[in-house]
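The structure appears right after this line, and notes come after that.
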Amino acid sequence: TFTGSSVIVIGAGISGISAAKVLAENGVEDLVILEATDRIGGRIRKEEFGDLFVEIGAGWIQGVGGKESNPVWDLAAKSGLRTCYSDYSNARFNIYDRSGKIFPSNLATDSYNRAVENAIRELRNQEAKLHGVSAESEPSSTPSSPIELAIDFILHDFEMAEVEPIATYTDLGEREFLVADERGYDMLLHKMAEGFLISKDGKIVDDRLKLNKVVREVHYSRNCVTVRTEDDCIYNAKYLILSVSLGVLQSDLITFSPSLPKWKTEAISKLDVIVYTKIFLKFPYKFWPSGPGTEFFLYAHEKRGFYTFWQHMENAYPDSNILVVTLTNEESKRVESQSDEETMKEAISCLRDMFGPNIPDASHILVPKWWNNRFQRGSYSNYPMFATQHDFTDVKAPVGPIFFSGEHTSERFNGYVHGGYLSGIDTSKALLEETRKEKEEKSDSGLFL
Ligand code: FAD
(Lines give C-alpha, C1' and ligand atoms only; values in the text may rest on other atoms or scores of the structure.)
Protein backbone atom coordinates (compact mmCIF):
# COMPACT_ATOMS: atom_id res chain seq x y z
CA THR A 1 0.00 0.00 0.00
CA PHE A 2 0.99 3.57 -0.64
CA THR A 3 1.99 5.85 2.23
CA GLY A 4 2.50 9.56 1.72
CA SER A 5 0.42 12.44 0.49
CA SER A 6 -1.88 12.59 -2.47
CA VAL A 7 -0.09 15.57 -3.95
CA ILE A 8 3.19 17.42 -3.44
CA VAL A 9 3.27 20.99 -4.75
CA ILE A 10 6.76 22.37 -5.36
CA GLY A 11 6.85 26.16 -5.08
CA ALA A 12 4.68 28.59 -3.12
CA GLY A 13 4.40 31.37 -5.68
CA ILE A 14 0.96 32.43 -6.89
CA SER A 15 0.69 29.37 -9.11
CA GLY A 16 1.57 26.86 -6.38
CA ILE A 17 -0.78 28.48 -3.87
CA SER A 18 -3.69 28.71 -6.31
CA ALA A 19 -3.12 25.07 -7.33
CA ALA A 20 -3.08 23.92 -3.69
CA LYS A 21 -6.19 25.92 -2.92
CA VAL A 22 -8.19 24.32 -5.75
CA LEU A 23 -7.09 20.86 -4.60
CA ALA A 24 -8.06 21.55 -0.99
CA GLU A 25 -11.44 22.96 -2.07
CA ASN A 26 -12.04 19.77 -4.02
CA GLY A 27 -11.40 17.49 -1.09
CA VAL A 28 -7.71 16.74 -1.63
CA GLU A 29 -6.64 17.61 1.89
CA ASP A 30 -3.49 15.52 2.18
CA LEU A 31 -1.12 17.69 0.27
CA VAL A 32 2.29 19.13 1.02
CA ILE A 33 3.73 22.37 -0.37
CA LEU A 34 7.52 22.55 -0.47
CA GLU A 35 8.99 26.03 -0.89
CA ALA A 36 12.72 26.71 -1.20
CA THR A 37 12.72 30.16 0.41
CA ASP A 38 11.51 31.35 3.80
CA ARG A 39 8.36 33.00 2.43
CA ILE A 40 5.47 32.56 0.05
CA GLY A 41 5.00 34.71 -3.05
CA GLY A 42 7.92 33.75 -5.30
CA ARG A 43 8.31 36.55 -7.83
CA ILE A 44 5.71 38.64 -6.02
CA ARG A 45 8.06 40.04 -3.48
CA LYS A 46 8.40 43.18 -1.43
CA GLU A 47 11.61 44.32 0.19
CA GLU A 48 12.34 46.95 2.79
CA PHE A 49 13.95 50.01 1.25
CA GLY A 50 14.66 53.11 3.29
CA ASP A 51 11.55 53.54 5.36
CA LEU A 52 9.09 51.69 3.16
CA PHE A 53 8.58 48.48 1.22
CA VAL A 54 9.06 48.32 -2.55
CA GLU A 55 8.09 45.61 -5.02
CA ILE A 56 11.26 44.09 -6.44
CA GLY A 57 9.31 41.53 -8.51
CA ALA A 58 5.90 42.04 -10.08
CA GLY A 59 4.83 45.66 -9.71
CA TRP A 60 1.80 46.13 -11.93
CA ILE A 61 -1.56 44.54 -12.47
CA GLN A 62 -1.66 44.55 -16.24
CA GLY A 63 -4.70 43.97 -18.42
CA VAL A 64 -7.60 45.83 -16.80
CA GLY A 65 -10.80 47.28 -18.24
CA GLY A 66 -11.33 44.88 -21.16
CA LYS A 67 -14.04 42.48 -22.21
CA GLU A 68 -12.86 39.79 -19.80
CA SER A 69 -12.07 40.52 -16.18
CA ASN A 70 -8.57 40.02 -14.86
CA PRO A 71 -8.83 37.62 -11.88
CA VAL A 72 -5.88 39.28 -10.15
CA TRP A 73 -7.59 42.67 -10.44
CA ASP A 74 -10.69 41.09 -8.90
CA LEU A 75 -8.62 39.62 -6.05
CA ALA A 76 -6.99 43.03 -5.53
CA ALA A 77 -10.37 44.76 -5.37
CA LYS A 78 -11.66 42.20 -2.87
CA SER A 79 -8.68 42.56 -0.60
CA GLY A 80 -8.49 46.36 -0.83
CA LEU A 81 -5.02 46.44 -2.36
CA ARG A 82 -3.97 50.03 -3.02
CA THR A 83 -3.03 50.67 -6.65
CA CYS A 84 -2.55 53.69 -8.87
CA TYR A 85 -3.15 54.11 -12.58
CA SER A 86 0.05 54.04 -14.52
CA ASP A 87 0.57 55.04 -18.14
CA TYR A 88 4.04 54.83 -19.52
CA SER A 89 3.07 55.98 -23.00
CA ASN A 90 4.14 59.45 -21.80
CA ALA A 91 7.74 58.18 -21.56
CA ARG A 92 8.32 58.90 -25.23
CA PHE A 93 7.73 62.62 -24.64
CA ASN A 94 10.28 62.77 -21.85
CA ILE A 95 13.42 61.60 -23.62
CA TYR A 96 16.60 63.25 -22.36
CA ASP A 97 19.83 63.34 -24.32
CA ARG A 98 23.21 63.21 -22.60
CA SER A 99 23.37 66.99 -22.28
CA GLY A 100 20.10 67.10 -20.37
CA LYS A 101 17.97 68.42 -23.23
CA ILE A 102 14.53 66.91 -23.77
CA PHE A 103 13.97 65.86 -27.36
CA PRO A 104 11.18 68.05 -28.80
CA SER A 105 7.93 66.09 -28.74
CA ASN A 106 7.41 66.25 -32.53
CA LEU A 107 10.87 64.75 -33.08
CA ALA A 108 10.21 62.09 -30.46
CA THR A 109 6.81 61.26 -31.98
CA ASP A 110 8.32 60.96 -35.47
CA SER A 111 11.06 58.68 -34.19
CA TYR A 112 8.53 56.65 -32.26
CA ASN A 113 6.21 56.20 -35.25
CA ARG A 114 9.13 55.27 -37.49
CA ALA A 115 10.31 52.72 -34.92
CA VAL A 116 6.85 51.18 -34.68
CA GLU A 117 6.61 50.88 -38.49
CA ASN A 118 10.09 49.41 -38.53
CA ALA A 119 9.24 46.92 -35.79
CA ILE A 120 6.09 45.80 -37.61
CA ARG A 121 8.11 45.37 -40.82
CA GLU A 122 10.67 43.35 -38.94
CA LEU A 123 7.98 41.11 -37.43
CA ARG A 124 6.43 40.52 -40.87
CA ASN A 125 9.81 39.72 -42.39
CA GLN A 126 10.69 37.32 -39.59
CA GLU A 127 7.31 35.63 -39.92
CA ALA A 128 7.78 35.30 -43.68
CA LYS A 129 11.25 33.80 -43.15
CA LEU A 130 9.85 31.37 -40.62
CA HIS A 131 7.24 30.14 -43.08
CA GLY A 132 9.77 29.96 -45.90
CA VAL A 133 8.11 32.64 -48.02
CA SER A 134 9.86 35.71 -49.37
CA ALA A 135 9.47 38.90 -47.40
CA GLU A 136 6.83 41.30 -48.72
CA SER A 137 8.29 44.46 -47.26
CA GLU A 138 11.66 46.13 -47.52
CA PRO A 139 14.21 45.09 -44.90
CA SER A 140 13.89 46.83 -41.54
CA SER A 141 16.57 49.33 -40.59
CA THR A 142 18.82 49.07 -37.56
CA PRO A 143 18.42 51.82 -34.95
CA SER A 144 21.67 53.69 -34.39
CA SER A 145 21.20 57.16 -32.89
CA PRO A 146 20.68 57.41 -29.09
CA ILE A 147 17.04 58.47 -29.48
CA GLU A 148 16.35 55.58 -31.88
CA LEU A 149 18.06 53.17 -29.51
CA ALA A 150 16.04 54.44 -26.53
CA ILE A 151 12.77 54.04 -28.44
CA ASP A 152 13.82 50.67 -29.80
CA PHE A 153 14.52 49.58 -26.21
CA ILE A 154 11.07 50.51 -24.89
CA LEU A 155 9.40 49.04 -27.96
CA HIS A 156 11.20 45.73 -28.00
CA ASP A 157 12.09 45.11 -24.38
CA PHE A 158 8.73 46.34 -23.07
CA GLU A 159 5.87 46.84 -25.50
CA MET A 160 6.59 44.23 -28.14
CA ALA A 161 8.62 41.79 -26.05
CA GLU A 162 5.94 39.23 -26.74
CA VAL A 163 4.54 37.97 -29.96
CA GLU A 164 1.58 40.14 -30.93
CA PRO A 165 -1.32 40.20 -30.29
CA ILE A 166 -0.90 40.06 -26.52
CA ALA A 167 -3.98 38.46 -24.94
CA THR A 168 -3.41 40.34 -21.68
CA TYR A 169 -4.16 43.61 -23.46
CA THR A 170 -6.58 42.45 -26.18
CA ASP A 171 -8.75 40.35 -23.85
CA LEU A 172 -8.29 41.77 -20.35
CA GLY A 173 -7.83 45.42 -21.28
CA GLU A 174 -5.28 48.12 -22.02
CA ARG A 175 -5.08 49.62 -18.56
CA GLU A 176 -2.29 48.98 -16.06
CA PHE A 177 -2.16 49.71 -12.36
CA LEU A 178 0.90 50.02 -10.20
CA VAL A 179 0.60 48.29 -6.86
CA ALA A 180 1.30 50.91 -4.21
CA ASP A 181 0.43 49.25 -0.96
CA GLU A 182 2.71 49.20 2.06
CA ARG A 183 1.42 45.72 2.88
CA GLY A 184 2.82 44.51 -0.45
CA TYR A 185 1.52 42.84 -3.61
CA ASP A 186 2.00 39.53 -1.79
CA MET A 187 -0.96 40.45 0.40
CA LEU A 188 -3.01 38.89 -2.42
CA LEU A 189 -1.38 35.54 -1.76
CA HIS A 190 -1.86 35.93 1.95
CA LYS A 191 -5.55 36.61 1.34
CA MET A 192 -5.79 33.56 -0.93
CA ALA A 193 -4.12 31.39 1.67
CA GLU A 194 -6.03 32.89 4.61
CA GLY A 195 -8.00 30.30 6.50
CA PHE A 196 -6.30 27.63 4.45
CA LEU A 197 -2.56 27.89 5.14
CA ILE A 198 -2.23 31.23 6.87
CA SER A 199 -4.01 32.95 9.76
CA LYS A 200 -5.51 36.45 9.58
CA ASP A 201 -2.32 37.99 11.02
CA GLY A 202 -0.17 36.37 8.33
CA LYS A 203 1.23 33.50 10.42
CA ILE A 204 1.59 30.09 8.85
CA VAL A 205 -0.84 27.89 10.69
CA ASP A 206 -0.77 24.79 8.57
CA ASP A 207 2.15 22.39 8.57
CA ARG A 208 1.29 21.30 5.04
CA LEU A 209 3.17 24.41 3.93
CA LYS A 210 6.87 23.76 4.43
CA LEU A 211 9.32 26.62 3.93
CA ASN A 212 13.10 26.38 3.39
CA LYS A 213 12.66 23.07 1.56
CA VAL A 214 14.82 23.09 -1.55
CA VAL A 215 13.83 20.19 -3.78
CA ARG A 216 16.88 18.66 -5.49
CA GLU A 217 15.68 15.26 -6.70
CA VAL A 218 12.46 13.96 -8.15
CA HIS A 219 12.12 10.19 -8.62
CA TYR A 220 9.01 9.06 -10.37
CA SER A 221 7.26 6.03 -11.77
CA ARG A 222 3.87 5.75 -13.42
CA ASN A 223 1.90 6.30 -10.26
CA CYS A 224 4.23 7.49 -7.53
CA VAL A 225 6.70 10.30 -6.86
CA THR A 226 9.49 10.60 -4.32
CA VAL A 227 11.10 13.95 -3.71
CA ARG A 228 14.34 14.64 -1.87
CA THR A 229 15.19 18.04 -0.46
CA GLU A 230 18.59 19.63 0.15
CA ASP A 231 18.26 18.95 3.89
CA ASP A 232 17.69 15.26 3.10
CA CYS A 233 13.99 15.02 3.78
CA ILE A 234 12.03 12.59 1.68
CA TYR A 235 8.40 13.10 0.64
CA ASN A 236 6.22 10.62 -1.22
CA ALA A 237 3.04 11.27 -3.11
CA LYS A 238 0.86 9.98 -5.88
CA TYR A 239 1.20 13.19 -7.87
CA LEU A 240 3.50 16.15 -8.10
CA ILE A 241 2.70 19.70 -9.17
CA LEU A 242 5.93 21.40 -10.20
CA SER A 243 5.47 25.17 -10.21
CA VAL A 244 9.11 26.32 -10.34
CA SER A 245 10.04 28.92 -12.97
CA LEU A 246 11.12 28.14 -16.52
CA GLY A 247 14.60 29.39 -15.54
CA VAL A 248 14.80 26.75 -12.79
CA LEU A 249 13.60 24.04 -15.20
CA GLN A 250 16.36 25.10 -17.62
CA SER A 251 18.97 24.89 -14.82
CA ASP A 252 20.25 21.79 -13.07
CA LEU A 253 18.79 22.58 -9.63
CA ILE A 254 16.40 19.62 -9.77
CA THR A 255 17.41 16.24 -11.19
CA PHE A 256 14.79 13.84 -12.44
CA SER A 257 15.03 10.13 -12.34
CA PRO A 258 14.32 8.82 -14.88
CA SER A 259 15.36 11.89 -16.88
CA LEU A 260 12.52 13.91 -18.35
CA PRO A 261 11.73 12.79 -21.91
CA LYS A 262 13.45 14.55 -24.79
CA TRP A 263 10.25 16.19 -26.10
CA LYS A 264 9.88 17.88 -22.69
CA THR A 265 13.49 19.06 -22.25
CA GLU A 266 13.61 20.31 -25.84
CA ALA A 267 10.46 22.38 -25.39
CA ILE A 268 11.76 23.79 -22.08
CA SER A 269 15.05 24.82 -23.64
CA LYS A 270 13.39 26.42 -26.67
CA LEU A 271 11.64 29.11 -24.64
CA ASP A 272 13.32 32.29 -23.47
CA VAL A 273 13.70 33.66 -20.00
CA ILE A 274 13.74 37.45 -19.79
CA VAL A 275 15.77 39.14 -17.08
CA TYR A 276 14.10 42.36 -15.93
CA THR A 277 15.64 44.36 -13.12
CA LYS A 278 14.15 47.31 -11.29
CA ILE A 279 16.88 49.24 -9.50
CA PHE A 280 15.63 51.48 -6.69
CA LEU A 281 17.45 54.67 -5.71
CA LYS A 282 16.50 56.91 -2.81
CA PHE A 283 17.55 60.57 -2.66
CA PRO A 284 17.54 63.22 0.06
CA TYR A 285 15.27 65.38 -2.08
CA LYS A 286 13.49 65.42 -5.44
CA PHE A 287 15.30 66.98 -8.41
CA TRP A 288 13.19 65.57 -11.26
CA PRO A 289 9.96 66.98 -12.71
CA SER A 290 6.76 65.73 -11.14
CA GLY A 291 3.10 66.20 -11.97
CA PRO A 292 0.93 64.83 -14.78
CA GLY A 293 2.78 63.15 -17.66
CA THR A 294 6.15 62.94 -15.91
CA GLU A 295 6.06 59.55 -14.18
CA PHE A 296 8.25 57.91 -16.83
CA PHE A 297 11.29 59.28 -18.64
CA LEU A 298 13.97 57.92 -20.93
CA TYR A 299 17.70 58.44 -21.09
CA ALA A 300 19.09 58.29 -24.64
CA HIS A 301 22.60 56.85 -24.55
CA GLU A 302 24.66 55.40 -27.40
CA LYS A 303 24.65 52.00 -25.68
CA ARG A 304 21.26 50.34 -26.08
CA GLY A 305 19.47 49.64 -22.80
CA PHE A 306 22.02 51.56 -20.69
CA TYR A 307 19.86 52.97 -17.85
CA THR A 308 17.23 53.87 -20.42
CA PHE A 309 13.92 53.52 -18.63
CA TRP A 310 13.20 55.62 -15.52
CA GLN A 311 10.18 56.05 -13.28
CA HIS A 312 9.59 58.32 -10.31
CA MET A 313 7.53 57.02 -7.41
CA GLU A 314 5.72 60.26 -6.62
CA ASN A 315 2.32 58.82 -7.60
CA ALA A 316 2.77 55.63 -5.62
CA TYR A 317 4.61 57.05 -2.61
CA PRO A 318 4.52 60.87 -2.58
CA ASP A 319 7.63 62.46 -1.07
CA SER A 320 9.48 59.17 -0.88
CA ASN A 321 12.13 60.63 -3.26
CA ILE A 322 12.59 57.29 -4.97
CA LEU A 323 13.53 56.71 -8.59
CA VAL A 324 13.43 53.34 -10.31
CA VAL A 325 15.51 52.48 -13.36
CA THR A 326 14.78 49.29 -15.26
CA LEU A 327 17.41 47.21 -17.02
CA THR A 328 16.86 44.05 -19.01
CA ASN A 329 18.70 40.94 -20.19
CA GLU A 330 22.44 41.55 -20.85
CA GLU A 331 22.47 44.83 -18.91
CA SER A 332 20.71 43.12 -16.00
CA LYS A 333 23.28 40.33 -16.00
CA ARG A 334 26.11 42.86 -16.22
CA VAL A 335 25.00 44.84 -13.17
CA GLU A 336 24.32 41.65 -11.23
CA SER A 337 27.97 40.74 -11.66
CA GLN A 338 29.32 44.05 -10.34
CA SER A 339 29.10 45.69 -6.93
CA ASP A 340 26.06 47.80 -6.05
CA GLU A 341 28.45 50.75 -5.51
CA GLU A 342 29.53 50.54 -9.15
CA THR A 343 25.92 50.34 -10.26
CA MET A 344 25.10 53.36 -8.12
CA LYS A 345 27.97 55.31 -9.71
CA GLU A 346 26.76 54.46 -13.23
CA ALA A 347 23.16 55.36 -12.45
CA ILE A 348 24.09 58.66 -10.80
CA SER A 349 26.30 59.66 -13.72
CA CYS A 350 23.32 59.13 -16.08
CA LEU A 351 21.16 61.26 -13.79
CA ARG A 352 23.87 63.98 -13.73
CA ASP A 353 23.81 63.96 -17.55
CA MET A 354 20.06 64.53 -17.42
CA PHE A 355 19.65 66.84 -14.43
CA GLY A 356 23.03 68.51 -14.03
CA PRO A 357 26.19 67.95 -11.98
CA ASN A 358 24.79 69.27 -8.71
CA ILE A 359 22.20 66.63 -7.97
CA PRO A 360 22.82 64.81 -4.68
CA ASP A 361 24.12 61.27 -4.26
CA ALA A 362 21.56 58.59 -3.53
CA SER A 363 21.33 57.53 0.09
CA HIS A 364 20.18 53.97 -0.69
CA ILE A 365 20.30 51.58 -3.63
CA LEU A 366 18.56 48.24 -4.11
CA VAL A 367 19.60 45.99 -7.01
CA PRO A 368 17.49 42.82 -7.19
CA LYS A 369 19.40 39.82 -8.53
CA TRP A 370 16.85 37.66 -10.33
CA TRP A 371 19.36 36.09 -12.71
CA ASN A 372 21.72 34.83 -10.02
CA ASN A 373 18.89 33.68 -7.79
CA ARG A 374 19.05 29.90 -8.11
CA PHE A 375 15.34 29.64 -7.27
CA GLN A 376 14.46 31.86 -10.24
CA ARG A 377 17.21 32.18 -12.89
CA GLY A 378 15.50 35.13 -14.55
CA SER A 379 12.33 37.17 -14.29
CA TYR A 380 9.69 35.69 -16.60
CA SER A 381 9.17 33.50 -19.64
CA ASN A 382 8.92 34.70 -23.19
CA TYR A 383 7.75 32.66 -26.15
CA PRO A 384 10.05 33.46 -29.06
CA MET A 385 8.59 33.93 -32.51
CA PHE A 386 9.77 30.51 -33.71
CA ALA A 387 8.07 28.70 -30.80
CA THR A 388 5.03 26.76 -31.95
CA GLN A 389 1.76 25.76 -30.33
CA HIS A 390 3.32 22.32 -30.11
CA ASP A 391 6.20 23.64 -27.95
CA PHE A 392 3.74 25.28 -25.64
CA THR A 393 1.68 22.08 -25.31
CA ASP A 394 4.86 20.13 -24.55
CA VAL A 395 6.01 22.57 -21.84
CA LYS A 396 2.68 22.17 -20.10
CA ALA A 397 2.02 18.45 -20.65
CA PRO A 398 2.37 16.13 -17.64
CA VAL A 399 5.09 13.48 -17.51
CA GLY A 400 3.67 10.45 -15.69
CA PRO A 401 2.56 11.74 -12.30
CA ILE A 402 4.34 15.11 -12.69
CA PHE A 403 2.07 18.04 -13.57
CA PHE A 404 3.68 21.30 -14.67
CA SER A 405 2.38 24.67 -13.52
CA GLY A 406 3.55 28.29 -13.36
CA GLU A 407 3.26 31.39 -15.53
CA HIS A 408 5.25 29.74 -18.36
CA THR A 409 2.49 27.14 -18.75
CA SER A 410 -0.25 29.72 -19.26
CA GLU A 411 -1.08 29.72 -22.94
CA ARG A 412 -2.62 33.19 -23.05
CA PHE A 413 -0.96 34.98 -20.17
CA ASN A 414 2.56 33.65 -19.75
CA GLY A 415 4.91 36.11 -18.07
CA TYR A 416 2.24 37.70 -15.88
CA VAL A 417 0.89 37.33 -12.35
CA HIS A 418 -2.57 36.46 -13.69
CA GLY A 419 -0.90 33.82 -15.91
CA GLY A 420 0.62 32.24 -12.80
CA TYR A 421 -2.66 32.39 -10.92
CA LEU A 422 -4.74 30.84 -13.72
CA SER A 423 -2.12 28.18 -14.48
CA GLY A 424 -2.37 26.90 -10.90
CA ILE A 425 -6.12 26.53 -11.25
CA ASP A 426 -5.81 24.81 -14.66
CA THR A 427 -3.15 22.41 -13.45
CA SER A 428 -5.15 21.32 -10.42
CA LYS A 429 -8.27 20.87 -12.53
CA ALA A 430 -6.30 18.66 -14.95
CA LEU A 431 -4.95 16.66 -12.01
CA LEU A 432 -8.41 16.24 -10.49
CA GLU A 433 -9.71 15.07 -13.86
CA GLU A 434 -6.90 12.53 -14.03
CA THR A 435 -7.71 11.20 -10.57
CA ARG A 436 -11.40 11.02 -11.48
CA LYS A 437 -10.58 8.90 -14.53
CA GLU A 438 -8.28 6.73 -12.47
CA LYS A 439 -10.96 6.29 -9.85
CA GLU A 440 -13.44 5.23 -12.50
CA GLU A 441 -10.99 2.68 -13.83
CA LYS A 442 -10.20 1.24 -10.41
CA SER A 443 -13.46 1.93 -8.70
CA ASP A 444 -13.09 -1.10 -6.47
CA SER A 445 -9.54 -0.52 -5.21
CA GLY A 446 -10.41 2.38 -2.84
CA LEU A 447 -6.76 3.25 -2.66
CA PHE A 448 -6.65 6.86 -3.42
CA LEU A 449 -8.57 10.10 -3.27
P1 FAD B 1 7.10 31.89 -8.87
O2 FAD B 1 6.50 33.07 -8.25
O3 FAD B 1 8.51 31.95 -9.31
O4 FAD B 1 6.93 30.65 -7.86
C5 FAD B 1 7.75 29.51 -7.92
C6 FAD B 1 8.24 29.20 -6.52
O7 FAD B 1 9.06 28.01 -6.59
C8 FAD B 1 9.13 30.27 -5.91
O9 FAD B 1 8.60 30.68 -4.66
C10 FAD B 1 10.50 29.58 -5.73
O11 FAD B 1 11.18 30.01 -4.56
C12 FAD B 1 10.09 28.13 -5.63
N13 FAD B 1 11.16 27.19 -6.00
C14 FAD B 1 12.04 27.29 -7.02
N15 FAD B 1 12.87 26.21 -7.04
C16 FAD B 1 12.48 25.42 -6.01
C17 FAD B 1 12.94 24.17 -5.50
N18 FAD B 1 13.96 23.51 -6.08
N19 FAD B 1 12.32 23.63 -4.42
C20 FAD B 1 11.28 24.27 -3.82
N21 FAD B 1 10.80 25.46 -4.26
C22 FAD B 1 11.40 26.02 -5.35
N23 FAD B 1 3.92 40.14 -13.75
C24 FAD B 1 2.88 41.01 -13.86
O25 FAD B 1 1.73 40.58 -14.06
N26 FAD B 1 3.09 42.36 -13.73
C27 FAD B 1 4.32 42.88 -13.50
O28 FAD B 1 4.48 44.09 -13.36
C29 FAD B 1 5.42 41.99 -13.43
N30 FAD B 1 6.66 42.46 -13.24
C31 FAD B 1 7.67 41.61 -12.94
C32 FAD B 1 8.90 42.13 -12.57
C33 FAD B 1 9.92 41.30 -12.17
C34 FAD B 1 11.24 41.88 -11.76
C35 FAD B 1 9.70 39.89 -12.13
C36 FAD B 1 10.78 38.98 -11.62
C37 FAD B 1 8.48 39.37 -12.52
C38 FAD B 1 7.45 40.20 -12.94
N39 FAD B 1 6.20 39.73 -13.33
C40 FAD B 1 5.17 40.60 -13.51
C41 FAD B 1 5.97 38.29 -13.53
C42 FAD B 1 5.26 37.64 -12.33
O43 FAD B 1 5.90 38.01 -11.14
C44 FAD B 1 5.29 36.12 -12.49
O45 FAD B 1 4.73 35.77 -13.75
C46 FAD B 1 4.52 35.34 -11.42
O47 FAD B 1 4.69 35.90 -10.13
C48 FAD B 1 5.01 33.90 -11.45
O49 FAD B 1 4.36 33.11 -10.49
P50 FAD B 1 4.67 31.54 -10.43
O51 FAD B 1 3.90 30.98 -9.29
O52 FAD B 1 4.49 30.94 -11.77
O53 FAD B 1 6.24 31.43 -10.16
Side-chain angles (χ1 to χ4, degrees), residues 8-20 32-45 47 54-64 70-73 76 83 86 88 158 161 168 172 176-179 185-186 188-189 192 209-218 227-231 233 235 240-249 251-255 273-280 324 326-328 332 367-371 373-382 404-410 413-424 427:
I8 296 170
V9 178
I10 302 182
I14 195 159
S15 159
I17 297 287
S18 71
V32 172
I33 306 170
L34 303 176
E35 165 56 45
T37 68
D38 60 0
R39 44 180 293 285
I40 69 169
R43 281 170 272 172
I44 301 179
R45 175 171 182 169
E47 200 139 303
V54 291
E55 302 294 340
I56 65 164
W60 281 269
I61 300 175
Q62 284 148 315
V64 178
N70 181 332
V72 171
W73 182 244
T83 58
S86 188
Y88 76 76
F158 290 73
T168 287
L172 305 183
E176 307 189 318
F177 289 83
L178 185 71
V179 174
Y185 205 148
D186 64 348
L188 290 190
L189 274 100
M192 271 167 66
L209 171 58
K210 299 191 187 298
L211 301 179
N212 301 307
K213 292 290 176 193
V214 182
V215 172
R216 297 304 305 269
E217 288 172 23
V218 172
V227 157
R228 194 178 69 79
T229 58
E230 210 153 64
D231 59 354
C233 292
Y235 299 88
L240 177 69
I241 291 182
L242 186 56
S243 80
V244 300
S245 68
L246 179 66
V248 169
L249 291 176
S251 78
D252 57 5
L253 183 65
I254 303 175
T255 54
V273 173
I274 301 289
V275 195
Y276 176 100
T277 312
K278 291 185 284 186
I279 298 174
F280 295 83
V324 185
T326 301
L327 309 185
T328 59
S332 293
V367 187
K369 315 263 164 43
W370 292 105
W371 174 245
N373 178 342
R374 69 184 179 125
F375 306 135
Q376 289 299 341
R377 303 296 299 168
S379 301
Y380 45 82
S381 68
N382 186 42
F404 291 79
S405 192
E407 54 85 4
H408 54 285
T409 68
S410 167
F413 305 125
N414 77 286
Y416 294 98
V417 169
H418 46 279
Y421 174 72
L422 292 171
S423 76
T427 307

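Nothing fancy with the numbering, it's 1 onward along the sequence. When a ligand or atom number is given, it counts from 1 through the structure's own listing order.
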Quiz item: Would you call D186 and R45 a salt bridge, taking side-chain N to carboxylate O under 4.0 Å as the test?
Solution: no
Quiz item: With S405, which residues qualify under side-chain contact (heavy atoms from CB on, under 4.5 Å), at least two apart?
Solution: S15, I241, S243, S423, T427
Check ligand 1 for close polar pairs with the protein: N or O on both sides, less than 3.5 Å.
| unit_1 | atom_1 | unit_2 | atom_2 | d |
| --- | --- | --- | --- | --- |
| ligand 1 | 2 (O) | R43 | N | 2.9 |
| ligand 1 | 3 (O) | R43 | NE | 2.8 |
| ligand 1 | 3 (O) | R43 | NH2 | 3.2 |
| ligand 1 | 3 (O) | Q376 | OE1 | 3.3 |
| ligand 1 | 3 (O) | Q376 | NE2 | 2.9 |
| ligand 1 | 9 (O) | E35 | OE1 | 2.7 |
| ligand 1 | 9 (O) | E35 | OE2 | 3.2 |
| ligand 1 | 11 (O) | E35 | OE2 | 2.7 |
| ligand 1 | 18 (N) | V215 | O | 3.0 |
| ligand 1 | 19 (N) | V215 | N | 3.0 |
| ligand 1 | 21 (N) | A36 | N | 3.1 |
| ligand 1 | 23 (N) | V417 | N | 3.4 |
| ligand 1 | 25 (O) | V417 | N | 2.8 |
| ligand 1 | 26 (N) | W60 | O | 3.0 |
| ligand 1 | 26 (N) | Q62 | OE1 | 2.7 |
| ligand 1 | 28 (O) | G59 | N | 3.2 |
| ligand 1 | 28 (O) | W60 | N | 2.9 |
| ligand 1 | 45 (O) | Y416 | O | 3.2 |
| ligand 1 | 51 (O) | I14 | N | 3.3 |
| ligand 1 | 51 (O) | S15 | N | 2.9 |
| ligand 1 | 52 (O) | E407 | N | 2.9 |
| ligand 1 | 53 (O) | R43 | NH2 | 2.9 |

Self-check item: Under-4.0 Å salt bridge between R43 and E407
Solution: yes
Quiz item: Is K278 salt-bridged to E47, cutoff N-O under 4.0 Å?
Solution: no
Quiz item: Parallel, tilted or perpendicular: which fits the ring planes of F413 and H418, with parallel below 30° and perpendicular above 60°?
Solution: perpendicular
Quiz prompt | Expected output: side-chain E35 to main-chain A12 donor-acceptor under 3.5 Å | solution = yes
